Student: 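Mind having a look at this structure? Questions to follow.
All values reported here derive from a predicted model rather than from experimental measurement.
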Amino acid sequence: MTPPRVLLVEDNATNAYLARYVLEAAGFEVEWAANGQLGLQAAAARRPDIVLMDLRMPVLDGYEATRRLKADPALRDIPVLAMSAQAMPAERAQALAAGCAAHIGKPIDVATLADQVRAWLP
């Protein structure tokens, strides 16, 4: 059985390293993209099972990257989980309106991240 494929779209290398380490230790296959544009390219090329999307990034932010991913018929069924240090209700609502299925706060909780991801896998 192949491990679930996670696309981690995160511009902060330290945050990406930690999330990748936790997820790989839990048995996930993780690919990292450093901004929304690279994330869209990786999603189209590799069709991950789920996307973890930082919301505030250079080049193309997570809101717009999610909107574009959800507008693509080939990618729209991939769950997108927003990741942000801004846990205000307005930001959560904006992430959901863009097409995210849920919001994960940062800093990530290393004890629960893998379970949060598993809960949204198809």
Side-chain angles (χ1 to χ4, degrees):
M1 185 166 145
T2 59
R5 293 179 322 266
V6 176
L7 173 58
L8 174 63
V9 186
E10 167 67 66
D11 66 315
N12 181 292
T14 302
N15 290 344
Y17 174 82
L18 179 60
R20 187 175 196 162
Y21 179 84
V22 168
L23 293 170
E24 287 178 346
F28 293 92
E29 178 183 310
V30 181
E31 179 173 357
W32 174 41
N35 63 58
Q37 185 64 45
L38 294 173
L40 287 173
Q41 292 168 359
R46 294 182 185 75
R47 304 287 169 93
D49 297 307
I50 194 163
V51 175
L52 298 181
M53 182 75 73
D54 184 19
L55 296 175
R56 298 178 189 262
M57 296 178 288
V59 183
L60 184 65
D61 69 32
Y63 299 108
E64 183 60 25
T66 299
R67 282 190 283 274
R68 291 182 190 184
L69 189 139
K70 292 300 183 177
D72 184 332
L75 304 175
R76 72 171 46 131
D77 292 333
I78 300 171
V80 178
L81 305 183
M83 294 179 61
S84 176
Q86 304 297 322
M88 302 301 292
E91 183 169 68
R92 287 176 187 252
Q94 188 178 359
L96 296 176
C100 294
H103 184 279
I104 296 173
K106 289 197 276 184
I108 61 168
D109 181 348
V110 297
T112 63
L113 180 63
D115 289 335
Q116 289 175 305
V117 173
R118 272 192 204 95
W120 289 97
L121 285 172

Student: Closest approach of A42 and L7, non-hydrogen atoms and distance?
Tutor: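 Between these two residues, the closest heavy atoms are CB-CD1, 3.8 Å.
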Student: Any chain of hydrophobic side-chain contacts (each under 4.5 Å) joining V6 to L121?
Tutor: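 They do share one cluster, since a chain of ILVMFWY contacts under 4.5 Å joins V6 to L121.
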Student: Going by heavy atoms in the side chains, are R68 and L60 under 4.5 Å from each other?
Tutor: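 Of all side-chain heavy-atom pairs linking L60 with R68, at least one is under 4.5 Å.
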Student: Can you name the closest pair of heavy atoms from G27 and P3 and give their distance?
Tutor: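 Heavy-atom minimum between the residues: O-CB, 3.0 Å.
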Student: How many angstroms lie between atom CZ of R92 and atom CD1 of I104, to the nearest 0.5 angstrom?
Tutor: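 Atom-to-atom, R92:CZ and I104:CD1 are 10.0 Å apart.
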Student: Is any side-chain heavy atom of L55 closer than 4.5 Å to a side-chain heavy atom of D61?
Tutor: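 In short, these two side chains do not touch, never coming nearer than 4.5 Å.
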Student: Nearest 0.5 Å please: distance from the CD1 atom of I108 over to the CE atom of M83.
Tutor: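 It is 5.5 Å, given to the nearest 0.5 Å.
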Student: Using modelled atom types only, decide if a donor and an acceptor are shared between the side chain of K70 and the backbone of L75 within a distance under 3.5 Å.
Tutor: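 Checking the backbone N and O of L75 against the side chain of K70, no donor-acceptor pair under 3.5 Å is found.
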Student: Find out whether F28 and L113 are in side-chain contact, i.e. whether some heavy atom of one side chain is under 4.5 Å from a heavy atom of the other.
Tutor: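 Not in contact.
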Student: Please round to the nearest 0.5 Å and tell me the distance separating atom CG of L8 and atom OH of Y17.
Tutor: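 These two atoms lie 13.5 Å from each other.
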Student: Are a donor atom and an acceptor atom from the side chains of Y63 and E91 found within less than 3.5 Å of each other?
Tutor: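 A donor-acceptor contact under 3.5 Å links the two side chains.
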Student: Nearest 0.5 angstrom please: I50 CD1 to L81 CG, how far?
Tutor: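 So the gap between those two atoms works out to 4.0 Å.
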Student: Kindly indicate whether the side chain of V9, heavy atoms from C-beta on, has any atom under 4.5 Å from the side chain of M57.
Tutor: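 Counting from C-beta outward, V9 and M57 do come under 4.5 Å.
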Student: Keeping R5 on the side-chain end and R47 on the backbone end, is there a donor-acceptor pair under 3.5 Å?
Tutor: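 A pair under 3.5 Å: yes.
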Student: Is the shortest side-chain heavy-atom distance between E29 and D49 below 4.5 Å?
Tutor: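 A side-chain contact is absent here, since even the closest heavy-atom pair is not under 4.5 Å.
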Student: Test side chain to side chain contact (heavy atoms under 4.5 Å, CB included) on N15 and K106 and set out the steps.
Tutor: CA-CA 9 Å; N15 290 344; K106 289 197 276 184; 3.8 Å; yes
Student: List the steps, then state whether side chain to side chain contact (heavy atoms under 4.5 Å, CB included) holds for V80 with L69.
Tutor: CA-CA 9 Å; V80 178; L69 189 139; 3.9 Å; yes
Student: Would you kindly confirm whether V117 and W120 end up in one hydrophobic cluster when ILVMFWY residues are joined by side chain heavy atoms under 4.5 Å apart?
Tutor: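 Hydrophobic grouping puts V117 with W120.
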Student: For the NE2 atom of H103 and the CG atom of L96, what is their distance to the nearest 0.5 Å?
Tutor: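 The CG atom of L96 is 8.5 Å from NE2 of H103, to the nearest 0.5 Å.
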Student: Determine whether I78 and L40 fall in the same hydrophobic cluster, where Ile, Leu, Val, Met, Phe, Trp and Tyr are linked whenever their side-chain heavy atoms lie under 4.5 Å apart.
Tutor: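 Shared cluster, yes.
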Student: Say whether L38 and M53 are linked into one hydrophobic cluster, either directly or through other cluster members, by side-chain heavy-atom distances under 4.5 angstrom.
Tutor: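 Each belongs to a different hydrophobic cluster.
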